[in-house]
Amino acid sequence: MEIRFLGGTGEVGRSAILVNDSLLLDYGMLTGNPPQFPVDSVDPDAVVVSHGHLDHVGAVPSLLSGDARPPIHWTPPTEELTRTLARDTLKLHGGTYDCPFTETELERVTQVSERHGYREPFEAAGHEVTFFNAGHIPGSAHVLVDDGETRLLYTADFHTGDQRLVAGTTARPDADVVICESTYADVEHDDRATVEERFVESVETTLWEGGSVVVPAFAIGRTQELLLVCAAHDIPCYVDGMGKRVTRMLRQYPAFVRDPDALRRATSHARFVTGRDGQRKRIVDQTAVVVTTSGMLSGGPAMTYIPAIRQHPTNKITMTGYQVEGTPGRELLETGRAEIDGRIMPVSAQVEQYDFSAHADHDGLRSFLESYTDATVLVNHGDDCAGFAEGLRADGIDAAAPELGETLEV
């Protein structure tokens, strides 16, 4: 089997892996200014997408330019999420370098889409492919690829621990080669129940003191997780941004969430912001919790809420996700100020960070890989892939960290 790494090596973003020069696994983008895309253009016979996050699907519609019409295989939520993200990218950046596809190419996605459930083998570009629940977000999948000689397991992003939205992965299919993510390979997550308890206590304290809490959250996965947390602890909250649309969509796929009834109750518990008639201004003038995009403060309704609450130290901004270097969210955490909506703003409100990660940490990664001590492990999707691979080798595992653009025979 020949494996070519077109992105996602030594970085968190633009995941893209070409198998046997015919089957493409993911085709994402690395957010930034400017964004970055996989290093080479490709013309695959088929595409398999692991899950609906920008770093894995952000450039997928561009594969349908010209006469190219490769079938795209994914779970139902992943298709829906991909099209939602693509429409948002077109809205924000259509016609610029920041958007690698056109409206026409996006419309073609539905023409080539092929949906699959978990543990249902299918054929793609001459390979047998099977999805397994990866426990990351609804619809996320480990991808098992069998070319008749070699069985490749592409873990994509995964979590071994339970979240309120999705249960942790338990799948360990047999494989000769494992391409393993390493986003949090150097981190040990705090116990999820403890993180949730600290978050709830902090929010309730701020509300009791008369302050407002802005909770920047990724639209996909994190917004729904936090709505579930708020509902479980009877914390009144608003939800704003793309997360509203994603929440409604995910309710259409109950088989891909851990507790559909809990998600229904959380959706009813939250108040969805319309933005009409000055609603956002009225919200920040009261004591309120607002779960809103974007999770890294790079756009979205957060651009309205943060300036409105930033000057009063009773208010609070609770970051709930990984902040990529160079983003306003990362700048705010490190310096207490950030570029918000084109202006550098000092923030007097309290700023906190909570680890609601949907990725396996160091212990989770190692426990997962205990099932693959006899396999070849190729480490990707992390800031220190080489360091994690070195640690695996020290324990007797055949591990390596491929370079960007490298092709390996396994």
Side-chain angles (χ1 to χ4, degrees), residues 12-16 24-31 35 47-64 72-93 99-101 105-118 131-143 154 156-159 163 165-166 181 217-228 239 241-258 260 263 267 291-296 299-300 321-322 358-359 381:
V12 178
R14 59 172 174 178
S15 290
L24 182 63
L25 308 180
D26 288 347
Y27 204 63
M29 61 187 290
L30 177 61
T31 55
V47 184
V48 173
V49 179
S50 66
H51 68 282
H53 274 154
L54 267 178
D55 55 336
H56 292 259
V57 304
V60 163
S62 68
L63 297 167
L64 303 178
I72 302 176
H73 302 268
W74 36 27
T75 63
T78 298
E79 181 195 1
E80 295 268 12
L81 292 169
T82 299
R83 291 194 285 113
T84 296
L85 290 169
R87 284 193 295 269
D88 190 61
T89 301
L90 277 170
K91 178 182 176 182
L92 295 174
H93 306 296
C99 182
F101 53 85
E105 290 157 4
L106 174 55
E107 291 174 357
R108 292 171 182 163
V109 167
T110 56
Q111 300 171 12
V112 299
S113 174
E114 298 192 19
R115 294 178 165 198
H116 308 277
Y118 296 134
F131 288 144
F132 297 86
N133 185 2
H136 179 56
I137 62 172
S140 63
H142 302 307
V143 182
Y154 172 47
D157 296 353
F158 70 95
H159 200 350
Q163 305 171 69
L165 184 61
V166 291
E181 71 126 315
F218 306 136
I220 298 171
R222 195 59 43 81
T223 288
Q224 296 75 42
E225 182 77 8
L226 289 163
L227 295 188
L228 286 161
V239 59
M242 188 195 298
K244 297 181 296 181
R245 185 162 69 250
V246 172
T247 301
R248 293 190 184 102
M249 182 276 288
L250 290 178
R251 286 195 56 201
Q252 300 174 25
Y253 299 100
F256 291 91
V257 298
R258 183 181 179 187
L263 184 58
T267 304
V291 180
T292 183
T293 50
S294 80
M296 298 184 194
Y322 179 76
H359 291 267
H381 201 285

Taking the side chain as every heavy atom from C-beta outward, state whether Val239 and Leu227 have any atom pair closer than 4.5 Å. yes
State, to 0.1 Å, how close Pro61 and Phe101 come at their nearest heavy-atom pair, and which atoms those are. CB-CG, 3.6 Å
Who pairs with Glu105 by side chain to side chain donor-acceptor pair (under 3.5 Å), at least two apart in sequence or on another chain? none
Approximate separation, where rounding is to 0.5 Å, of Leu263 CG and Leu165 CG: 6.5 Å
Which value, rounded to the nearest 0.5 Å, describes the distance between Gln111 atom CD and Ile72 atom CD1? 10.5 Å
Flag the pair Tyr154 / Ser15 as yes when at least one side-chain heavy-atom distance between them is below 4.5 Å, and no otherwise. yes
With sequence neighbours excluded, what pairs up with Ala134 under the side-chain contact (heavy atoms from CB on, under 4.5 Å) test? Ser140, His142, Phe158
Heavy atoms of Ser62 and Ala59 approach each other most closely as OG-O, 2.5 Å
Minimal non-hydrogen separation, Ala86 against Leu106, with atom names: CB-CD1, 3.6 Å
Residues Cys99, Leu90; criterion side-chain contact (heavy atoms from CB on, under 4.5 Å); working and verdict: CA-CA 7 Å; Cys99 182; Leu90 277 170; 3.7 Å; yes
Residues passing the side chain to side chain donor-acceptor pair (under 3.5 Å) test with Glu225, sequence neighbours excluded, are Arg192
Working to the nearest 0.5 Å, report the span between CE of Met242 and CG of Asp88. 3.5 Å
Do you know which two heavy atoms are closest between Met29 and Pro35, and how far apart they sit? CE-CB, 3.7 Å
Could you tell me whether the side chain of His136 and the main chain of Ala358 form a donor-acceptor pair under 3.5 Å? yes
Min side-chain heavy-atom separation Thr89-Leu54 under 4.5 Å: yes
How would you list, by chain and number, every residue that makes a side-chain contact (heavy atoms from CB on, under 4.5 Å) with Phe218, sequence neighbours excluded? Arg222, Met296
Which residues pass the side-chain contact (heavy atoms from CB on, under 4.5 Å) test with Glu107, sequence neighbours left out? Glu103
For Tyr118, give me all partners under side chain to side chain donor-acceptor pair (under 3.5 Å), at least two apart in sequence or on another chain. none
In residues 248-257, what donor-acceptor pairs under 3.5 Å come from side-chain atoms, sequence neighbours left out?
| unit_1 | atom_1 | unit_2 | atom_2 | d |
| --- | --- | --- | --- | --- |
| Tyr253 | OH | Glu80 | OE2 | 2.7 |
| Tyr253 | OH | Arg115 | NH1 | 3.3 |
| Tyr253 | OH | Arg115 | NH2 | 3.4 |

Flag the pair Val109 / Thr82 as yes when at least one side-chain heavy-atom distance between them is below 4.5 Å, and no otherwise. no
Note: Gly58 and Pro100 closest approach over all heavy atoms is O-CG, 4.4 Å
Mind listing the closest non-hydrogen atom pair of Gly243 and Thr293 along with its distance? N-CG2, 4.2 Å
Inter-residue atom distance Arg258.CZ - Leu228.CG, 0.5 Å rounding: 10.0 Å
With a 4.5 Å cut-off on side-chain heavy atoms, are Phe131 and Val143 touching? yes
Quick one: side-chain contact (heavy atoms from CB on, under 4.5 Å) partners of Val166, sequence neighbours excluded? Pro138, Gln163
The residue among Thr78, Asp157, Leu25 that forms side chain to side chain contact (heavy atoms under 4.5 Å, CB included) with His56 is Asp157
Arg14: which residues meet the salt bridge (charged side-chain N to carboxylate O under 4.0 Å, His left out) condition with it, sequence neighbours left out? Glu11
Does Glu79 reach the main-chain N or O of His73 with its side chain, forming a donor-acceptor pair under 3.5 Å? no
As a quick check of understanding, evaluate side-chain contact (heavy atoms from CB on, under 4.5 Å) for Leu81 and Val57, giving each step before the final call. CA-CA 9 Å; Leu81 292 169; Val57 304; over 6 Å; no
Test log, rule side-chain contact (heavy atoms from CB on, under 4.5 Å), inputs Arg83 and Thr110: CA-CA 9 Å; Arg83 291 194 285 113; Thr110 56; 3.8 Å; yes
Close side-chain approach of Leu85 to Ile220, heavy-atom, < 4.5 Å: yes
Side chain to side chain donor-acceptor pair (under 3.5 Å) with Asp55: which residues, sequence neighbours excluded? His381
